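Only one structure is covered here, and it is reproduced in the block below.
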Amino acid sequence: MTDQELVARAFSMHRFSYAPYSRFPVGAALLCRDGTVFTGCNVENAAFGSTICAERTALLKAVSEGHRDDWTTIAIAGRGGDYCWPCGSCRQMLYEFAPGLRVLAARGDGDFQAAALEELLPHGFGPRSLEGNK
Ligand code: THU
């Protein structure tokens, strides 16, 4: 699957986005090494803090379906003029399973940029950070 195709999968998730409060639909598509793609959209809540981002929806679908150590790339698509880079909470959640993940951030006109998760979350706190704790 090309980066372009993965970004298209992320955009296609806007139709399922539930974003009545922000009116900012976001879609995500998480690619695994075997070609499996887990998609997600943002799901907002009247108790705003309970909102879940598109990336975390995709992440939870992957982990709960037994895919957690074979992720290669995640695409995230917003409709704004800025590239839709993942929020801090999503960076942290992704880092747990795939510090080396490639991240594609797309903006409303379809253009996208790529970065490594380790660039987006330098010196991240992960499972290894807990090693040796007594
Ligand atoms: N949002 C995402 O789904 N992913 C991001 O990376 C940024 C923000 C959602 C959360 C909320 O529903 C809306 O975008 C506005 O913050």
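The structure presented is a predicted model; accordingly, all values stated were derived computationally and were not measured. Counting starts at 1 for both ligands and their atoms, in listed order.
When the heavy atoms of C90, C53, P86, C87 are ranked by distance to atom 10 (C) of ligand 1, first place goes to C53.
A ring-ring contact (aromatic ring centres under 6.0 Å, His included) with H14 is found for exactly one of Y18, F16, F11, namely F11.
Closer than 4.0 Å to atom 16 (O) of ligand 1 lies none of the heavy atoms of the protein.
The shortest N or O to N or O distance between N42 and ligand 1 is below 3.5 Å. Of the N or O atoms in A54, one or more lie within a sub-3.5 Å distance of an N or O in ligand 1.
In Y21, neither the side chain nor the backbone holds a heavy atom less than 4.0 Å from any atom of ligand 1.
If you check which protein heavy atom lies closest to atom 12 (O) of ligand 1, you get E44 OE2, 2.5 Å. Protein heavy atom in closest approach to atom 6 (O) of ligand 1: E55 OE2, 2.5 Å.
Those atoms of ligand 1 with a heavy atom of W85 less than 4.0 angstrom away are 6 (O). Residue V26 has at least one heavy-atom neighbour below 4.0 Å for each of these atoms of ligand 1: 1 (N), 2 (C), 3 (O), 4 (N), 9 (C), 14 (O). Ligand 1 places these atoms under 4.0 Å from at least one heavy atom of S22: 13 (C), 15 (C).
Once rounded to the nearest 0.5 Å, the distance linking CZ of F97 with NE2 of H67 reads 13.5 Å. Rounding to the nearest 0.5 angstrom, the gap separating the CG atom in L121 from the CE atom in M93 is 13.0 Å.
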Please determine whether side chain to side chain contact (heavy atoms under 4.5 Å, CB included) holds for the pair D3 and R102, giving the CA-CA distance in whole Å, both sets of side-chain angles, and the decisive distance to 0.1 Å. CA-CA 10 Å; D3 286 353; R102 288 180 67 234; 2.8 Å; yes

Stepwise side-chain hydrogen bond (donor to acceptor under 3.5 Å, both in side chains) check, N45 with Y21: CA-CA 8 Å; N45 192 273; Y21 307 109; over 6 Å; no

Side chain to side chain contact (heavy atoms under 4.5 Å, CB included) for W71 and R33? Distances and angles first, verdict last. CA-CA 6 Å; W71 306 350; R33 208 166 292 124; over 6 Å; no

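A continuous path of ILVMFWY side-chain contacts below 4.5 Å connects V26 to I52, so both sit in one hydrophobic cluster.
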